[in-house]
Peer 1: 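One structure follows; several queries about it will come next.
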Amino acid sequence: MRIAVAADNAGVALKDTLARMMREDDRVAEVTDFGVPDDSDDRAYPLLGLAAAQAVAHGEADRAVLVCGTGIGMAISANKVEGIRATVAHDSYSAERSIRSNDCQVLCLGGRVIGPELAKKIVDEWLGYEFDPTSASAEKVAHITAFEQDS
Ligand SMILES: O=C[C@H](O)[C@H](O)COP(=O)(O)O
């Protein structure tokens with residue numbers, strides 16, 4: 001799996017922690033870091049999150065992990081990219097269902113909300129989930145795609 005990561009300066013420490021963890025994970029073939037490189041870079045979260053979400057939409061990455069202060073701004077931004085389904089999830093069950101129910105490709109976390117150990121556990125679990133396109137959830141997600149394509 002190829003993962004894009006991005007963060008603003010409120011999320012960079014957690015982004016780097018998660019990127020390090022994923023680079024050591026056999027399930028992850030590649031981690032592409034869209035920045036910011038450190039907390040002296042004060043670019044706004046959409047500038048980083050949109051680039052990472054576009055990489056997923058264009059097939060250059062399979063999923064993305066985006067971090068800002070709350071995860072909310074990253075999720076709003078990523079969801080503006082056609083074809084992207086992004087969520088904030090700070091608990092195990094929501095992270096699981098974001099894949100299994102919603103086929104989300106983008107997980108957003110808040111560096112000011114969640115501690116690194118819980119975030120690592122959630123991302124580790126999240127990497128293990130796959131969406132089943134033959135499941136009953138697929139036709140529900142298809143309504144979102146159809147709306148997007150008709151709009
Ligand atoms: O959702 C936005 C993020 O939490 C961001 O890191 C902080 O945004 P703010 O500086 O506008 O509060």
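One-based numbering, in listed order, for ligands and for the atoms of each. Model, not experiment: these values are computed from the prediction.
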Peer 1: Answer yes or no for atom 1 (O) of ligand 1: protein heavy atom present at a distance under 4.0 Å?
Peer 2: yes
Peer 1: With a 4.5 Å cut-off on side-chain heavy atoms, are Val31 and Leu18 touching?
Peer 2: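 With C-beta onward as the side chain, the pair stays apart.
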Peer 1: What atoms of ligand 1 come closer than 4.0 angstrom to any heavy atom of Tyr45?
Peer 2: 2 (C), 5 (C)
Peer 1: To the nearest 0.5 Å, what is the distance between OH (Tyr45) and CD1 (Ile72)?
Peer 2: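 Going from the OH atom of Tyr45 to the CD1 atom of Ile72 covers 9.5 Å.
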Peer 1: Please list, in number order, the atoms of ligand 1 under 4.0 Å from a heavy atom of Gly69.
Peer 2: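 Listed by number with element, the hits are 3 (C), 4 (O), 5 (C), 6 (O).
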Peer 1: Does the side chain of Val141 come within less than 4.5 Å of Arg85's, by heavy atoms?
Peer 2: yes
Peer 1: So is there a nitrogen or oxygen of Gly73 less than 3.5 Å from a nitrogen or oxygen in ligand 1?
Peer 2: yes
Peer 1: Would you mind writing out the side-chain donor-acceptor pairs for residues 114-124 within the sub-3.5 Å range, not counting sequence neighbours?
Peer 2:
residue: Lys121; atom: NZ; partner: Glu125; partner atom: OE2; Å: 3.0
residue: Asp124; atom: OD1; partner: Arg27; partner atom: NH2; Å: 2.7

Peer 1: Establish whether atom 9 (P) of ligand 1 and some protein heavy atom are separated by less than 4.0 angstrom.
Peer 2: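 Within 4.0 Å: no protein heavy atom nearby.
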Peer 1: Of the protein's non-hydrogen atoms, which lies at the shortest distance from atom 12 (O) of ligand 1, and what is that distance?
Peer 2: Arg112 NH1, 4.8 Å
Peer 1: Take atom 6 (O) of ligand 1 and look for protein heavy atoms under 4.0 Å from it; say yes if you find one, no if not.
Peer 2: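 Yes, there is one.
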Peer 1: Can any side-chain N or O of His90 pair as donor or acceptor with the backbone N or O of Gly110 at less than 3.5 Å?
Peer 2: yes
Peer 1: With no hydrogens and no angle check, is any side-chain donor or acceptor of Glu60 less than 3.5 Å from a backbone partner on Ala4?
Peer 2: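 Not at all, since once roles are kept as given, no pair shorter than 3.5 Å links the two residues.
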Peer 1: Numbering the atoms of ligand 1 from 1, which are under 4.0 Å from a heavy atom of Asp8?
Peer 2: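 The list of qualifying atoms is 5 (C), 6 (O).
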Peer 1: In terms of atom number and element, which parts of ligand 1 are under 4.0 angstrom from non-hydrogen atoms of Ala10?
Peer 2: 6 (O)
Peer 1: Taking distance alone, with no angle check, do Cys68 and ligand 1 share an N/O pair under 3.5 Å?
Peer 2: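 By distance alone, the answer is no.
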Peer 1: With sequence neighbours excluded, what pairs up with Thr145 under the side chain to side chain donor-acceptor pair (under 3.5 Å) test?
Peer 2: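 Expected list: none.
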